[in-house]
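Take a look at the structure set out below.
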Protein chains: 2
Amino acid sequence: MFKISEVVKQCAISADTLRYYEKIQLLPPIHRNDSGIRLYNKQDISSISFIKRAQYMGFSLAEIAKLLAFRKDPQHAKTEVRQLANDKLIAINEHLSQLKTLKNELTLLVNLCNAADDGCPIIKGLEIP
Amino acid sequence: MFKISEVVKQCAISADTLRYYEKIQLLPPIHRNDSGIRLYNKQDISSISFIKRAQYMGFSLAEIAKLLAFRKDPQHAKTEVRQLANDKLIAINEHLSQLKTLKNELTLLVNLCNAADDGCPIIKGLEIP
DNA sequence: AGTTGACCTAGAGTTAACTCTAACAGTTAT
DNA sequence: ATAACTGTTAGAGTTAACTCTAGGTCAACT
């Protein structure tokens, strides 16, 4: 059983965020001691790690809530979760190609900038369209 | 001179957004006719295109405000704008590598999902750490 | 006994970038 | 002339995901 400060350290998350997750029911009501202090158990820690990892992987908290629900009933999860992941992959690919384009354009402009005498080519580049 | 509805079509932007940009002084006060109707001139259209393009390129409205200011005084812009673009490039590279990792992990999990019999490997994959 | 320090709460504030609402005015079409 | 359309405003609401504030309790040290 871990007090909130221990979870803060272990999971690299703020106490506010932990309480917030509980408030929005992303986490279940956490067990309390007689003084009302939250005591997180291993399952809670596992859920928090799950949340952080899923978040890093691009899932929103709303999506993570579904994933956590599915985690309790894996038999029924397969199709829906795969759909969720597939949708994410499509979005990520779109995002990736946009970022690559942006990177190329910016790199070009920054390089041009090193050579230019008059004005700033970054500004000019943005003016073209 | 273009009425707001024309700008909406030409620039693929909402009237609300145009008025919002003027309110936050990203755009200058737009010329009005006797009835108080906004009439955008070519310079305004150019600024709006500039904004949209810069936005697509990953600049925030706050950054774009600076770029627009610099656009009026290109002589002094070079260093600062290049710095802005350089910072953006660094952030984009970071973002790109994170997205690539995420894509690889998700692809792997989705592929595993096709083969699994018990539970959902996406869920299990998230549980590992 | 007193003072930190960690913890608690409800609720407000933050951020970016819109988006919507209500209520009104002027323009165009029939 | 009347209905429909397009425009106007100030200001409130939205979204996600926190983050902070004020005011309080409780346990541990000095």
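Chain A is the first sequence line, chain B the second, and so forth, proteins listed ahead of strands; every chain is numbered from 1. Source: prediction; values computed, not measured.
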**Asked** Among the clusters formed by ILVMFWY side chains lying less than 4.5 Å apart, do B:Leu39 and B:Val7 turn up in the same one?
**Response** no
**Message:** Rounded to whole Å, please give me the gap between NE2 in B:His31 and P in D:dT8.
**Reply:** 13 Å
**Message:** Measuring from atom SG of A:Cys11 to atom CD1 of A:Ile45, what distance do you get when rounded to the nearest 0.5 angstrom?
**Reply:** 4.5 Å
**Prompt:** For B:Lys103, what residues pass the side-chain hydrogen bond (donor to acceptor under 3.5 Å, both in side chains) criterion, not counting sequence neighbours?
**Reply:** A:Asn93
**Item:** Hydrophobic cluster identity match, B:Ile48 and B:Leu61, side-chain contacts under 4.5 Å
**Value:** yes
**Message:** Please give me the minimum heavy-atom distance between A:Ile64 and A:Ile51, naming the atom from each residue.
**Reply:** CD1-O, 3.6 Å
**Request:** Spell out protein contact along nucleotides 1-18 of chain C as letters: B when the base is contacted, S when just the sugar-phosphate is, - when no protein heavy atom is under 4.0 Å; keep the 5' to 3' order.
**Result:** ------SSB-B-----BB
